[in-house]
Asker: 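Mind having a look at this structure? Questions to follow.
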Amino acid sequence: MASGKFITLEGGEGAGKSTQARLLAERLRTVGHGVVETREPGGTKRGEKIRDLLLSGDAKQYGQMGEAVLFCAARDDHVRDVIRPALERGDWVICDRFSDSTVAYQGAAGGVRPTLIRALNRVAVGNTRPDLTLILDLPPEAGLKRAQARNEGKAKSDGDDEADRFEGMEQRFHEALRDGFLKIAAKAPDRCVVIDAQQAESAVAERIWDAVVERLNP
Ligand code: Z5A
């Protein structure tokens, strides 16, 4: 039934996903597509409440499995209320993180068994799977430095300088995360394209546009 296209951006902290999601949406609009920009966790009022719980660290007490369930509960709501209806209208959906983040964060880096993550994602996602996933790859130190610089800038303007729940994890976690995303890409080459996110913003945007043109012919 769906006639729009579903693109997800994935990767570690500070890889440039939000920046590139915005640039890609602008470019797709200029060629005449309706575009819905959204993110996970979140994307709906109920999902944003779950996001607050997760990113504040309040959900840490439930353990990695409990957090995986919460990410997937938010995803289920998001897919039903926002993503699927937009695709059915013929819009293009650009989502900043999606199911691969649960595979990488709670699975590869967090230690929840892959079969459990797959089962949760199957329930939340159903047939609404991405047409294209852009995996923005860069060394964790570089991404964390960018995220930190952005947080410091934000702290100056709104007085909130906290790193979120996952930015505060140790180096080993971020290495496992990067490895997890690269493994996802290697297992699903028809859906995933790895983008070198160390380049300048404009160069990353061009590489992303090339991938979108090649895979989805916008
Ligand atoms: N999470 C999970 O564990 N399980 C799940 O299933 C899901 C999510 C869905 C969401 O946090 C957290 O939830 C996330 C994973 C977890 N972990 N954390 N932390 P979020 O939405 O608040 O943040 P994020 O998704 O991790 O993204 P980010 O760290 O905020 O960064 P980003 O979106 O990839 O990057 P950005 O904001 O576009 O750029 C960061 C800074 O770098 C900014 O100042 C830019 O101007 C700059 N930038 C961007 N591109 C460049 C280039 N190319 N060169 C130089 N500087 C750049």
Side-chain angles (χ1 to χ4, degrees), residues 1-52 55 71-72 74-104 121 124-138 143 146-147 150 154 181 184-185 188-197 199-218:
M1 286 284 276
S3 54
K5 296 288 180 200
F6 183 19
I7 301 174
T8 57
L9 287 101
E10 299 277 9
E13 320 294 315
K17 298 173 298 298
S18 314
T19 305
Q20 294 301 330
R22 183 174 42 77
L23 294 173
L24 177 59
E26 280 167 14
R27 200 148 178 186
L28 284 168
R29 287 189 186 108
T30 64
V31 297
H33 290 292
V35 180
V36 172
E37 286 174 76
T38 189
R39 69 169 180 186
E40 289 210 351
T44 65
K45 249 188 186 168
R46 292 176 293 263
E48 291 292 327
K49 282 189 185 165
I50 297 180
R51 178 185 177 90
D52 288 346
L55 297 199
F71 278 113
C72 289
R75 180 162 307 132
D76 173 64
D77 191 57
H78 190 205
V79 167
R80 273 187 292 115
D81 264 34
V82 175
I83 299 176
R84 207 170 282 149
L87 293 171
E88 283 169 2
R89 284 196 305 272
D91 286 344
W92 286 49
V93 175
I94 299 179
C95 192
D96 186 347
R97 296 196 181 280
F98 193 61
S99 50
D100 294 319
S101 280
T102 318
V103 175
N121 266 333
V125 172
N127 290 326
T128 312
R129 288 187 283 265
D131 297 293
L132 174 64
T133 296
L134 302 156
I135 296 188
L136 271 56
D137 177 61
L138 86 172
R146 283 186 192 170
R150 182 208 44 210
K154 203 167 152 267
F181 278 120
I184 290 168
D190 291 349
R191 172 174 68 87
C192 299
V193 177
V194 177
I195 305 285
D196 176 3
Q199 310 166 77
E201 261 179 45
S202 57
V204 177
E206 278 313 304
R207 179 69 195 91
I208 284 179
W209 184 247
D210 289 347
V212 171
V213 169
E214 188 189 319
R215 301 285 181 119
L216 302 178
N217 189 24

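What you are looking at is a predicted structure, and each value in this text was computed from that prediction instead of being measured.
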Asker: What heavy-atom pair brings Ala185 and Cys192 nearest, and what distance separates the two atoms?
Answerer: CA-CB, 3.8 Å

Asker: Which residue pairs satisfy the side-chain hydrogen bond (donor to acceptor under 3.5 Å, both in side chains) criterion with at least one member in residues 125-135, sequence neighbours excluded?
Answerer: Thr8-Thr133, Arg84-Thr128, Thr133-Arg191

Asker: Any side-chain to backbone donor/acceptor pair from Asp91 onto Val36? Under 3.5 Å, distance only.
Answerer: no

Asker: Tell me the closest heavy-atom pair linking Cys72 and Ala124, and the distance in Å.
Answerer: O-CB, 3.5 Å

Asker: Between Arg29 and Glu37, does the salt bridge (charged side-chain N to carboxylate O under 4.0 Å, His left out) criterion hold? Intermediate values first, please.
Answerer: CA-CA 11 Å; Arg29 287 189 186 108; Glu37 286 174 76; 3.2 Å; yes

Asker: Rounded to the nearest 0.5 Å, what separates atom CZ in Phe71 from atom CZ in Arg51?
Answerer: 9.0 Å

Asker: Quick one: does Glu48's side chain have a donor or acceptor within less than 3.5 Å of a partner on Gly43's backbone?
Answerer: yes

Asker: Is there a side chain to side chain contact (heavy atoms under 4.5 Å, CB included) between Leu24 and Leu134? Walk through the geometry before answering.
Answerer: CA-CA 11 Å; Leu24 177 59; Leu134 302 156; 4.2 Å; yes

Asker: From Gln20 CD over to Ile195 CD1, what is the distance, rounded to the nearest 0.5 angstrom?
Answerer: 8.5 Å

Asker: Does anything in residues 199-218 form a side-chain hydrogen bond (donor to acceptor under 3.5 Å, both in side chains)? List the pairs, not counting sequence neighbours.
Answerer: Arg27-Glu206

Asker: Spell out, as yes or no, whether a donor-acceptor pair under 3.5 Å connects the side chain of His33 to the backbone of Pro218.
Answerer: yes

Asker: Atom CG of Leu9 and atom SG of Cys95: how far apart are they, to the nearest 0.5 Å?
Answerer: 8.5 Å

Asker: For residues Phe98 and Glu10, report the shortest heavy-atom separation together with the two atoms involved.
Answerer: N-OE2, 2.8 Å

Asker: Can you tell me how far apart CG (Asp137) and CZ (Phe181) are? Round to the nearest 0.5 Å.
Answerer: 10.0 Å

Asker: Does Gly11 offer a backbone N or O that forms a donor-acceptor pair with the side chain of Arg97 under 3.5 Å?
Answerer: yes

Asker: Is it true that Asp77 and Thr44 share a donor-acceptor pair across their side chains at a distance under 3.5 Å?
Answerer: yes

Asker: Say you draw a straight line from CG of Asp76 to CG of Asp81; how long is it, rounded to the nearest 0.5 Å?
Answerer: 9.5 Å

Asker: For Leu23 and Val204, run side chain to side chain contact (heavy atoms under 4.5 Å, CB included): C-alpha distance rounded to whole Å, both residues' side-chain angles, the deciding distance at 0.1 Å, then the answer.
Answerer: CA-CA 10 Å; Leu23 294 173; Val204 177; over 6 Å; no

Asker: Please find the pair of heavy atoms, one from Val35 and one from Ala25, that lie closest to each other, and give the distance.
Answerer: CG1-CB, 3.8 Å

Asker: What is the minimum heavy-atom distance between Ala74 and Gly47, and which atoms define it?
Answerer: CB-CA, 4.2 Å

Asker: For a 4.5 angstrom cut-off between non-hydrogen side-chain atoms, does Val212 reach Lys5?
Answerer: no

Asker: How far apart are the closest heavy atoms of Ile83 and Val93, and which atoms are they?
Answerer: O-CG2, 4.1 Å

Asker: So how far is it from Leu136 CG to Ser18 OG, rounded to the nearest 0.5 Å?
Answerer: 10.0 Å

